[in-house]
There are 2 protein chains.
Amino acid sequence: MGVMNLLHTAGTAVDASCCVPSDKPVLGIEEAQRKALVFKALADPNRLRLLSIVKAEDSGESCVCDLTEPLDLGQPTVSHHLKILVEAGILHREKRGTWAYYSLVPGVMDDIAGILSAL
Amino acid sequence: MGVMNLLHTAGTAVDASCCVPSDKPVLGIEEAQRKALVFKALADPNRLRLLSIVKAEDSGESCVCDLTEPLDLGQPTVSHHLKILVEAGILHREKRGTWAYYSLVPGVMDDIAGILSAL
DNA sequence: CACCTATATCGATGAATGTCAATCTATGTG
DNA sequence: CACATAGATTGACATTCATCGATATAGGTG
(Lines give C-alpha, C1' and ligand atoms only; values in the text may rest on other atoms or scores of the structure.)
Protein backbone atom coordinates (compact mmCIF):
# COMPACT_ATOMS: atom_id res chain seq x y z
CA MET A 1 0.00 0.00 0.00
CA GLY A 2 1.58 3.27 -1.12
CA VAL A 3 1.54 6.68 0.47
CA MET A 4 -1.26 7.91 -1.72
CA ASN A 5 -3.48 5.08 -0.62
CA LEU A 6 -2.62 5.79 2.97
CA LEU A 7 -3.48 9.44 2.59
CA HIS A 8 -6.72 8.93 0.75
CA THR A 9 -8.21 5.78 2.19
CA ALA A 10 -6.61 5.07 5.54
CA GLY A 11 -8.79 5.44 8.59
CA THR A 12 -11.86 7.60 8.37
CA ALA A 13 -10.35 10.58 6.56
CA VAL A 14 -11.35 9.68 3.04
CA ASP A 15 -11.11 13.17 1.58
CA ALA A 16 -8.74 14.93 3.98
CA SER A 17 -6.44 16.46 1.42
CA CYS A 18 -6.50 20.13 2.35
CA CYS A 19 -4.37 19.93 5.47
CA VAL A 20 -3.48 17.67 8.32
CA PRO A 21 -5.86 18.21 11.24
CA SER A 22 -4.18 18.62 14.58
CA ASP A 23 -4.96 16.02 17.21
CA LYS A 24 -4.26 18.45 20.03
CA PRO A 25 -7.00 18.86 22.62
CA VAL A 26 -9.61 21.44 21.70
CA LEU A 27 -11.01 23.81 24.29
CA GLY A 28 -13.83 21.86 25.94
CA ILE A 29 -17.45 22.89 25.59
CA GLU A 30 -18.01 23.65 29.26
CA GLU A 31 -14.77 25.53 29.65
CA ALA A 32 -15.56 27.50 26.51
CA GLN A 33 -18.94 28.45 27.95
CA ARG A 34 -17.38 29.61 31.22
CA LYS A 35 -14.83 31.73 29.43
CA ALA A 36 -17.42 33.12 27.05
CA LEU A 37 -19.38 34.42 30.05
CA VAL A 38 -16.56 36.83 30.84
CA PHE A 39 -16.44 38.16 27.30
CA LYS A 40 -20.24 38.35 27.13
CA ALA A 41 -20.04 40.67 30.13
CA LEU A 42 -17.58 42.86 28.22
CA ALA A 43 -19.52 42.71 24.96
CA ASP A 44 -21.75 45.70 25.59
CA PRO A 45 -20.78 49.35 25.07
CA ASN A 46 -22.58 50.57 28.17
CA ARG A 47 -20.92 47.97 30.36
CA LEU A 48 -17.52 49.05 29.03
CA ARG A 49 -18.41 52.61 29.90
CA LEU A 50 -19.44 51.55 33.39
CA LEU A 51 -16.07 49.87 33.83
CA SER A 52 -14.25 52.94 32.59
CA ILE A 53 -16.02 55.10 35.17
CA VAL A 54 -15.31 52.73 38.05
CA LYS A 55 -11.72 52.40 36.91
CA ALA A 56 -11.19 56.18 36.67
CA GLU A 57 -12.49 56.85 40.16
CA ASP A 58 -9.73 57.84 42.53
CA SER A 59 -11.32 55.98 45.43
CA GLY A 60 -11.58 52.88 43.24
CA GLU A 61 -15.30 52.59 43.76
CA SER A 62 -18.49 54.19 42.51
CA CYS A 63 -22.07 54.11 43.69
CA VAL A 64 -24.99 53.52 41.35
CA CYS A 65 -26.10 57.14 41.48
CA ASP A 66 -22.78 58.20 39.95
CA LEU A 67 -23.11 55.59 37.23
CA THR A 68 -26.67 56.24 36.13
CA GLU A 69 -26.38 59.83 35.00
CA PRO A 70 -23.36 59.80 32.66
CA LEU A 71 -24.68 56.79 30.75
CA ASP A 72 -28.13 58.26 30.08
CA LEU A 73 -29.77 54.99 31.06
CA GLY A 74 -32.51 54.20 33.52
CA GLN A 75 -31.57 53.07 37.03
CA PRO A 76 -32.92 49.51 36.57
CA THR A 77 -30.89 49.13 33.40
CA VAL A 78 -27.69 50.21 35.12
CA SER A 79 -28.44 47.84 37.98
CA HIS A 80 -28.92 45.06 35.46
CA HIS A 81 -25.58 45.74 33.78
CA LEU A 82 -23.79 45.92 37.12
CA LYS A 83 -25.23 42.57 38.11
CA ILE A 84 -23.88 40.98 34.93
CA LEU A 85 -20.42 42.43 35.63
CA VAL A 86 -20.51 41.15 39.21
CA GLU A 87 -21.62 37.67 38.14
CA ALA A 88 -18.79 37.58 35.61
CA GLY A 89 -16.36 38.20 38.45
CA ILE A 90 -15.28 41.57 37.09
CA LEU A 91 -16.85 43.92 39.63
CA HIS A 92 -17.18 43.67 43.39
CA ARG A 93 -20.29 44.94 45.16
CA GLU A 94 -20.34 46.29 48.69
CA LYS A 95 -23.38 47.75 50.31
CA ARG A 96 -22.79 50.42 52.93
CA GLY A 97 -25.91 51.93 54.38
CA THR A 98 -28.35 52.88 51.67
CA TRP A 99 -25.76 52.90 48.96
CA ALA A 100 -24.08 50.18 46.94
CA TYR A 101 -20.47 50.68 45.93
CA TYR A 102 -18.92 48.90 42.98
CA SER A 103 -15.20 48.37 42.45
CA LEU A 104 -12.98 46.41 40.09
CA VAL A 105 -12.02 42.97 41.37
CA PRO A 106 -8.24 43.24 41.96
CA GLY A 107 -6.18 41.73 39.14
CA VAL A 108 -9.20 40.91 37.03
CA MET A 109 -7.82 42.61 33.92
CA ASP A 110 -4.72 40.44 34.09
CA ASP A 111 -6.91 37.40 34.65
CA ILE A 112 -8.87 38.13 31.49
CA ALA A 113 -5.67 38.66 29.55
CA GLY A 114 -4.60 35.27 30.87
CA ILE A 115 -7.77 33.66 29.53
CA LEU A 116 -6.86 34.94 26.11
CA SER A 117 -3.30 33.68 26.31
CA ALA A 118 -4.44 30.27 27.49
CA LEU A 119 -7.03 29.71 24.79
CA MET B 1 -21.16 77.66 56.42
CA GLY B 2 -20.00 74.36 57.91
CA VAL B 3 -18.72 71.27 56.24
CA MET B 4 -22.09 69.54 56.36
CA ASN B 5 -23.73 72.36 54.49
CA LEU B 6 -21.01 72.31 51.89
CA LEU B 7 -21.47 68.62 51.36
CA HIS B 8 -25.22 68.76 51.12
CA THR B 9 -26.02 71.97 49.31
CA ALA B 10 -22.96 73.24 47.50
CA GLY B 11 -23.01 73.53 43.69
CA THR B 12 -25.59 71.70 41.61
CA ALA B 13 -25.46 68.44 43.52
CA VAL B 14 -28.41 68.98 45.78
CA ASP B 15 -28.70 65.39 46.89
CA ALA B 16 -25.21 64.09 46.06
CA SER B 17 -24.32 62.77 49.46
CA CYS B 18 -23.28 59.23 48.61
CA CYS B 19 -19.95 60.08 47.01
CA VAL B 20 -18.19 62.68 44.92
CA PRO B 21 -18.61 61.94 41.19
CA SER B 22 -15.40 62.01 39.20
CA ASP B 23 -15.15 64.59 36.44
CA LYS B 24 -12.70 62.49 34.46
CA PRO B 25 -13.59 61.76 30.84
CA VAL B 26 -15.78 58.69 30.41
CA LEU B 27 -15.18 56.26 27.59
CA GLY B 28 -17.06 57.76 24.63
CA ILE B 29 -20.08 56.06 23.10
CA GLU B 30 -18.52 55.40 19.70
CA GLU B 31 -15.25 54.18 21.14
CA ALA B 32 -17.17 51.93 23.51
CA GLN B 33 -19.07 50.45 20.57
CA ARG B 34 -15.88 49.78 18.65
CA LYS B 35 -14.25 48.07 21.60
CA ALA B 36 -17.40 46.10 22.36
CA LEU B 37 -17.24 44.64 18.84
CA VAL B 38 -14.03 42.82 19.72
CA PHE B 39 -15.51 41.35 22.88
CA LYS B 40 -18.73 40.46 21.08
CA ALA B 41 -16.63 38.35 18.75
CA LEU B 42 -15.14 36.56 21.76
CA ALA B 43 -18.47 36.20 23.54
CA ASP B 44 -19.45 32.87 22.02
CA PRO B 45 -18.25 29.44 23.17
CA ASN B 46 -17.95 28.06 19.66
CA ARG B 47 -15.89 31.01 18.50
CA LEU B 48 -13.55 30.54 21.45
CA ARG B 49 -13.18 26.91 20.45
CA LEU B 50 -12.44 27.94 16.87
CA LEU B 51 -9.69 30.23 18.12
CA SER B 52 -8.24 27.47 20.30
CA ILE B 53 -8.01 25.16 17.29
CA VAL B 54 -6.37 27.76 15.08
CA LYS B 55 -4.00 28.68 17.90
CA ALA B 56 -3.01 25.06 18.56
CA GLU B 57 -2.19 24.32 14.95
CA ASP B 58 1.55 23.96 14.39
CA SER B 59 1.34 25.63 10.98
CA GLY B 60 -0.54 28.52 12.55
CA GLU B 61 -3.45 28.14 10.21
CA SER B 62 -6.48 25.94 9.73
CA CYS B 63 -8.88 25.39 6.86
CA VAL B 64 -12.62 25.35 7.32
CA CYS B 65 -12.84 21.60 6.86
CA ASP B 66 -10.66 21.08 9.93
CA LEU B 67 -12.80 23.48 11.93
CA THR B 68 -16.24 22.14 11.08
CA GLU B 69 -15.94 18.61 12.38
CA PRO B 70 -14.60 19.10 15.93
CA LEU B 71 -17.25 21.71 16.74
CA ASP B 72 -20.19 19.61 15.62
CA LEU B 73 -21.66 22.56 13.76
CA GLY B 74 -22.86 22.92 10.19
CA GLN B 75 -20.45 24.35 7.64
CA PRO B 76 -22.48 27.58 7.09
CA THR B 77 -22.47 28.20 10.83
CA VAL B 78 -18.71 27.81 11.06
CA SER B 79 -18.27 30.12 8.09
CA HIS B 80 -20.49 32.66 9.85
CA HIS B 81 -18.43 32.52 13.04
CA LEU B 82 -15.19 32.83 11.12
CA LYS B 83 -16.49 35.90 9.35
CA ILE B 84 -17.29 37.56 12.66
CA LEU B 85 -13.79 36.82 13.93
CA VAL B 86 -12.24 38.23 10.76
CA GLU B 87 -14.37 41.38 10.89
CA ALA B 88 -13.32 41.88 14.51
CA GLY B 89 -9.69 41.86 13.37
CA ILE B 90 -8.87 38.68 15.28
CA LEU B 91 -8.45 36.21 12.43
CA HIS B 92 -6.82 36.56 9.04
CA ARG B 93 -8.30 34.83 6.01
CA GLU B 94 -6.27 33.66 3.05
CA LYS B 95 -7.72 31.73 0.17
CA ARG B 96 -5.39 29.32 -1.61
CA GLY B 97 -7.02 27.32 -4.36
CA THR B 98 -10.28 25.84 -3.25
CA TRP B 99 -9.49 26.13 0.42
CA ALA B 100 -9.62 29.06 2.83
CA TYR B 101 -7.02 29.19 5.58
CA TYR B 102 -7.57 31.07 8.79
CA SER B 103 -4.82 32.26 11.12
CA LEU B 104 -4.53 34.50 14.17
CA VAL B 105 -3.68 38.11 13.39
CA PRO B 106 -0.18 38.58 14.86
CA GLY B 107 -0.18 40.29 18.22
CA VAL B 108 -3.95 40.44 18.45
CA MET B 109 -4.08 38.88 21.89
CA ASP B 110 -1.80 41.59 23.23
CA ASP B 111 -3.90 44.20 21.45
CA ILE B 112 -7.03 42.97 23.19
CA ALA B 113 -5.26 42.94 26.53
CA GLY B 114 -4.30 46.53 25.77
CA ILE B 115 -7.94 47.47 25.20
CA LEU B 116 -8.69 46.20 28.68
CA SER B 117 -5.85 48.11 30.28
CA ALA B 118 -6.84 51.30 28.49
CA LEU B 119 -10.50 51.24 29.44
C1' DC C 1 -17.63 23.03 -21.27
C1' DA C 2 -19.67 19.85 -17.68
C1' DC C 3 -19.00 18.34 -13.19
C1' DC C 4 -17.22 18.17 -8.44
C1' DT C 5 -15.78 20.18 -4.18
C1' DA C 6 -14.82 23.91 -0.69
C1' DT C 7 -16.61 27.84 1.04
C1' DA C 8 -19.74 31.86 1.29
C1' DT C 9 -24.27 33.92 1.31
C1' DC C 10 -29.32 34.05 2.00
C1' DG C 11 -33.77 33.46 4.46
C1' DA C 12 -36.13 31.69 8.21
C1' DT C 13 -36.65 30.55 13.03
C1' DG C 14 -36.12 30.14 17.94
C1' DA C 15 -33.33 31.83 21.79
C1' DA C 16 -30.88 35.35 24.17
C1' DT C 17 -30.36 40.25 25.24
C1' DG C 18 -30.95 45.40 26.29
C1' DT C 19 -34.20 48.57 27.74
C1' DC C 20 -37.98 50.54 30.25
C1' DA C 21 -42.01 51.21 33.54
C1' DA C 22 -43.73 49.44 37.64
C1' DT C 23 -42.97 47.37 41.88
C1' DC C 24 -40.45 45.49 45.74
C1' DT C 25 -36.86 45.63 49.53
C1' DA C 26 -33.99 47.68 52.72
C1' DT C 27 -31.97 51.45 55.04
C1' DG C 28 -32.24 55.89 57.16
C1' DT C 29 -35.12 59.80 59.35
C1' DG C 30 -38.95 62.47 61.21
C1' DC D 1 -44.46 53.81 63.11
C1' DA D 2 -44.88 56.67 58.72
C1' DC D 3 -42.31 58.29 55.16
C1' DA D 4 -38.44 59.06 51.93
C1' DT D 5 -34.65 57.35 49.24
C1' DA D 6 -31.14 53.91 46.98
C1' DG D 7 -31.09 50.11 44.70
C1' DA D 8 -32.82 45.44 43.06
C1' DT D 9 -36.31 42.69 40.87
C1' DT D 10 -40.10 41.67 37.70
C1' DG D 11 -42.59 41.56 33.31
C1' DA D 12 -43.06 43.15 28.72
C1' DC D 13 -41.25 44.41 24.32
C1' DA D 14 -38.14 45.06 20.48
C1' DT D 15 -33.76 43.87 18.78
C1' DT D 16 -29.96 40.99 18.07
C1' DC D 17 -27.93 36.54 17.45
C1' DA D 18 -26.82 31.47 16.66
C1' DT D 19 -28.18 27.95 13.92
C1' DC D 20 -29.84 25.48 9.99
C1' DG D 21 -31.30 24.20 5.11
C1' DA D 22 -31.01 25.79 0.59
C1' DT D 23 -28.54 28.06 -2.75
C1' DA D 24 -24.78 30.70 -4.91
C1' DT D 25 -19.87 31.28 -6.12
C1' DA D 26 -15.38 30.02 -7.30
C1' DG D 27 -11.65 27.05 -8.17
C1' DG D 28 -10.09 22.42 -9.81
C1' DT D 29 -10.51 18.40 -13.07
C1' DG D 30 -12.16 15.45 -16.66
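Lettering of chains follows the sequences in order, A, B, ..., and the numbering in each one begins at 1.
At a threshold of 4.0 Å, the pair Lys35(A)-Glu31(A) counts as salt-bridged, since one of the basic side-chain nitrogens sits closer than that to a carboxylate oxygen. Residues Glu61(B) and Arg96(B) are paired through a salt bridge, judged by an N-O separation under 4.0 Å between the basic side chain and the carboxylate.
The interatomic distance linking Trp99(A) (CH2) with dA4(D) (C1') rounds to 12 Å, in whole Å. For the pair Leu73(A) CG and dA8(D) C1', the interatomic distance rounds to 16 Å; values are reported in whole Å. In this structure, Leu48(A) places its CG atom 12 Å from P of dG18(C), rounding to the nearest Å. Here the C1' atom of nucleotide dT5(D) and the CG atom of Asp66(A) are 15 Å apart, to the nearest Å. Taking atom OH on Tyr102(B) and atom P on dA6(C), their separation rounds to 15 Å, with Å as the unit. Distance, Asp72(A) CG to dG18(C) C1': 14 Å, rounded to whole Å. Atom CD in Glu94(B) sits roughly 15 Å away from atom C1' in dG27(D) (whole-Å rounding).
The main-chain N or O of Val26(A) is never found under 3.5 Å from a side-chain atom of Ser52(B) such that the two would form a donor-acceptor pair. Between the side chain of Arg93(B) and the backbone N or O of Tyr102(B), no donor-acceptor pair lies under 3.5 Å.
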Below 3.5 Å, can you tabulate the donor-acceptor pairs from side chains in residues 70-84 of chain B to any protein atom, sequence neighbours excluded?
| residue | atom | partner | partner atom | Å |
| --- | --- | --- | --- | --- |
| His81(B) | ND1 | Arg47(B) | NH1 | 3.0 |

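Results of the side-chain contact (heavy atoms from CB on, under 4.5 Å) test with Ile90(B) over Leu51(B), Val105(B), Val54(B), Leu50(B) single out Leu51(B) as the only residue that passes.
Remark: Glu30(A) CD is loosely packed, at most 12 non-hydrogen atoms of other residues, nucleotides or ligands lying under 6.0 Å away.
Contact annotation: Arg93(A) reaches the phosphate of dA8(D) (side-chain N/O to OP1 or OP2, under 4.0 Å). Note on Thr98(A): every side-chain N or O is 4.0 Å or more away from OP1 and OP2 of dG28(C). The side chain of Tyr101(B) contributes no N or O atom lying less than 4.0 Å from OP1 or OP2 of dA6(C).
For Lys55(B), the salt bridge (Lys or Arg N to Asp or Glu O under 4.0 Å) test picks out no residue, with sequence neighbours left out. For the side-chain contact (heavy atoms from CB on, under 4.5 Å) test, residues two or more places apart in sequence or in another chain that qualify with Leu37(A) are Lys40(A).
Rounded to 10 degrees, the angle between the two end axes of the helix from dC1(C)-dG30(D) to dG30(C)-dC1(D) is 20°, with five pairs used at each end.
Considering only heavy atoms from C-beta on, Asp66(A) stays 4.5 Å or farther from Ile53(A) through its side chain.
Within a heavy-atom distance below 4.0 Å of DNA chain C, the residues of residues 79-89 of chain A found are His80(A), His81(A), Ile84(A). DNA chain D lies under 4.0 Å from at least one heavy atom of each of the following residues of residues 28-41 of chain B: Lys40(B).
For Gln75(B) against dA8(C), a side-chain-to-base donor-acceptor contact under 3.5 Å is present.
If you find the closest nucleotide of DNA chain C to Ala43(A) and to Lys95(B), the one lying nearer the 5' end belongs to Lys95(B). Each of Val78(B) and Asn46(A) was matched to the nucleotide of DNA chain C holding its nearest heavy atom; the match closer to the 5' end belongs to Val78(B).
Here the straight-line distance linking atom CG of Asp44(B) with atom CZ of Phe39(A) works out to 12.0 Å at 0.5 Å rounding.
Residues Arg49(B) and Ile29(A) approach most closely at NH1-CG1, 3.3 Å, considering heavy atoms.
Contact annotation for Arg47(B): backbone-only contact, meaning every heavy-atom pair under 4.0 Å involves sugar-phosphate atoms and none involves a base.
In this structure, the nucleotide among dC20(C), dA22(D), dA6(C) sitting nearest to the side chain of Thr77(A) is dC20(C).
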